[in-house]
Number of protein chains: 2
Amino acid sequence: MDKDCTVYRTADFIGRRWTLLILLELCKGKPSRRYSELKKSLPGITPKILSTRLKELEKEGLVKKRVDTRTFPVRCDYSLTKSGGDFIGIIKNIKKWALRWKFTNKTCSRLDCKECMVG
Amino acid sequence: MDKDCTVYRTADFIGRRWTLLILLELCKGKPSRRYSELKKSLPGITPKILSTRLKELEKEGLVKKRVDTRTFPVRCDYSLTKSGGDFIGIIKNIKKWALRWKFTNKTCSRLDCKECMVG
DNA sequence: CGGTATCCTTTCGGATACTG
DNA sequence: CAGTATCCGAAAGGATACCG
């Protein structure tokens, strides 16, 4: 098992809790989101984990952070990079696979919900 | 976070150590592989983890196990199901993404190696 | 606001020995 | 051969308090 293999590393980090949901949150509507907005849209996430995941995603180049230091407190916002946006395609592939091979479900708030995130 | 969401569950289990490599091993050449063959082709894996992963994959419906009880010791072999075979496509998608957005590498034995598993 | 620091529990995975 | 059983250390993740 080669820990430097990007395929393996990718599979590894998308399996971590919250990562997928953060990515999806960042691709919904607005071009960028604040830390506190993300926290609010992800009920149950702790500040530590959100911060950890955002750093991982930044390090992997999927998320870009912008800080505005002119105000106090400072404002930070996060957005998808080009590769991050492209990554959404992989999530959709997984979703397609899931819908093809697993039972479908009717409730929403799931990534595999038939109604949302179509495509 | 909905633990029943198949997209999330999928992302979760493909991030686990060895899972991807087992899947790839099963799609290489032969239609089915024995437990001991798998163990040999995956240097470093412990019997416990191999067994655990195979059960997870079976439970998720990607792998099918067949036991031949007529001999002693019994023979078991594992093969990809239809959905398991289809899943290889997702791995290839991840690979494509990796090759597009990450540095490429020359050494083999990596899933993201440019030379192998083309497509 | 946007995080860190600390503590604590749970889970994961490795090593090794053993068994029908 | 095809696994289980047992034990262990490391890492992940949750809860909560605190800070510039």
Side-chain angles (χ1 to χ4, degrees), chain A residues 1-5 8-23 25-26 30 32-60 63-79, chain B residues 1-5 8-23 25-26 30 32-60 63-79:
Chain A
M1 176 92 43
D2 194 332
K3 284 304 209 172
D4 289 335
C5 168
Y8 182 76
R9 245 188 14 236
T10 304
D12 178 52
F13 86 75
I14 69 175
R16 297 197 184 142
R17 263 196 106 172
W18 300 105
T19 301
L20 247 30
L21 295 182
I22 292 170
L23 247 18
E25 202 51 49
L26 287 174
K30 303 195 208 166
S32 78
R33 321 287 297 262
R34 310 274 292 279
Y35 181 87
S36 53
E37 285 184 294
L38 287 171
K39 196 148 157 306
K40 247 179 53 186
S41 351
L42 299 165
I45 198 170
T46 61
K48 176 190 168 184
I49 295 300
L50 178 54
S51 155
T52 304
R53 292 293 173 270
L54 286 171
K55 266 178 200 140
E56 289 166 359
L57 288 167
E58 224 190 319
K59 187 182 160 211
E60 292 294 335
V63 162
K64 205 167 21 123
K65 177 182 181 178
R66 229 203 42 212
V67 189
D68 184 350
T69 49
R70 293 168 315 186
T71 60
F72 183 82
V74 294
R75 285 154 179 277
C76 304
D77 48 30
Y78 296 89
S79 54
Chain B
M1 177 94 39
D2 194 331
K3 282 303 203 172
D4 290 335
C5 168
Y8 182 75
R9 244 190 14 237
T10 304
D12 178 51
F13 85 76
I14 68 175
R16 296 194 186 145
R17 263 197 107 174
W18 299 105
T19 300
L20 248 29
L21 295 183
I22 292 170
L23 248 17
E25 203 51 48
L26 288 173
K30 303 195 207 167
S32 78
R33 322 287 296 261
R34 311 271 295 278
Y35 181 87
S36 53
E37 285 183 294
L38 286 171
K39 196 148 156 306
K40 245 179 55 186
S41 352
L42 299 165
I45 198 168
T46 61
K48 176 188 169 186
I49 294 300
L50 178 54
S51 155
T52 305
R53 291 293 173 271
L54 286 170
K55 267 180 198 138
E56 291 166 357
L57 288 166
E58 223 189 321
K59 188 182 160 212
E60 292 294 335
V63 162
K64 204 166 24 122
K65 176 184 182 176
R66 230 202 43 213
V67 188
D68 185 348
T69 50
R70 293 167 315 184
T71 60
F72 182 82
V74 295
R75 286 156 177 277
C76 303
D77 49 28
Y78 297 89
S79 54

Exceeds 12 heavy-atom contacts within 6.0 angstrom, atom CZ of B:Arg16: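 More than 12 heavy atoms, drawn from other residues, nucleotides or ligands, come within 6.0 Å of this atom.
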Given DNA chain D, 5'-ward residue of the pair A:Pro73 and A:Pro47, judged by closest heavy atom: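 Mapping each residue to its closest nucleotide by heavy atoms, the 5'-most match is A:Pro47.
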Nearest-nucleotide comparison on DNA chain D, the residue closer to the 5′ end among A:Arg53 and A:Val74: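 Here A:Arg53 is the residue nearer the 5' end.
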Nearest-Å distance for atom pair [atom1]/[atom2], residues [X] and [N]:
X       : N      : atom1 : atom2 : result
B:Ile45 : D:dA2  : CD1   : C1'   : 14 Å
B:Phe72 : D:dG3  : CZ    : P     : 13 Å
B:Lys39 : C:dT16 : NZ    : C1'   : 12 Å
A:Ile49 : C:dT11 : CD1   : P     : 15 Å
B:Asp12 : C:dT11 : CG    : P     : 13 Å
A:Arg17 : C:dT9  : CZ    : P     : 18 Å
B:Leu42 : C:dG13 : CG    : C1'   : 15 Å
B:Leu50 : C:dT16 : CG    : C1'   : 16 Å

Look at the side-chain N and O atoms of [X] and state whether any lies under 4.0 Å from the OP1 or OP2 oxygen of [N].
X       : N      : result
A:Trp18 : D:dA12 : no
B:Ser51 : D:dA2  : no
A:Lys65 : C:dG3  : yes
A:Thr46 : D:dA15 : no
A:Tyr35 : C:dT4  : no
A:Arg16 : D:dA11 : no
B:Tyr78 : D:dC1  : no
B:Lys55 : D:dT4  : yes

Note: A:Arg53-A:Glu56 ion pair, threshold 4.0 Å (strictly below):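 Here A:Arg53 pairs with A:Glu56 in a salt bridge, since their nearest N and O are under 4.0 Å apart.
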With B:Cys76, the side chain to side chain contact (heavy atoms under 4.5 Å, CB included) member among B:Thr69, B:Val67, B:Leu54: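 Between B:Cys76 and the candidates, side chain to side chain contact (heavy atoms under 4.5 Å, CB included) is satisfied uniquely by B:Val67.
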Given A:Arg34, A:Arg33, A:Lys30, the one that forms side chain to side chain contact (heavy atoms under 4.5 Å, CB included) with A:Asp77: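 That would be A:Arg34.
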Minimum-distance nucleotide (side-chain atoms of B:Arg34 versus D:dA2, C:dG20, D:dG3):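 Within the option list, the nearest is D:dA2.
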Sugar-phosphate, base or nothing in reach of B:Val67, heavy atoms under 4.0 Å: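 Since no nucleic acid heavy atom lies under 4.0 Å of B:Val67, the category is nothing.
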Side chains of A:Arg66 and A:Ser79 in contact at under 4.5 Å (non-hydrogen atoms):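 No, too far: nothing below the 4.5 Å cut-off.
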Side-chain-base donor-acceptor pair under 3.5 Å for B:Lys48 and C:dG14: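 Yes, the side chain and the base share a sub-3.5 Å donor-acceptor pair.
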Chi angles and distances behind the side chain to side chain contact (heavy atoms under 4.5 Å, CB included) call for B:Ser51, B:Lys55: CA-CA 6 Å; B:Ser51 155; B:Lys55 267 180 198 138; 3.8 Å; yes
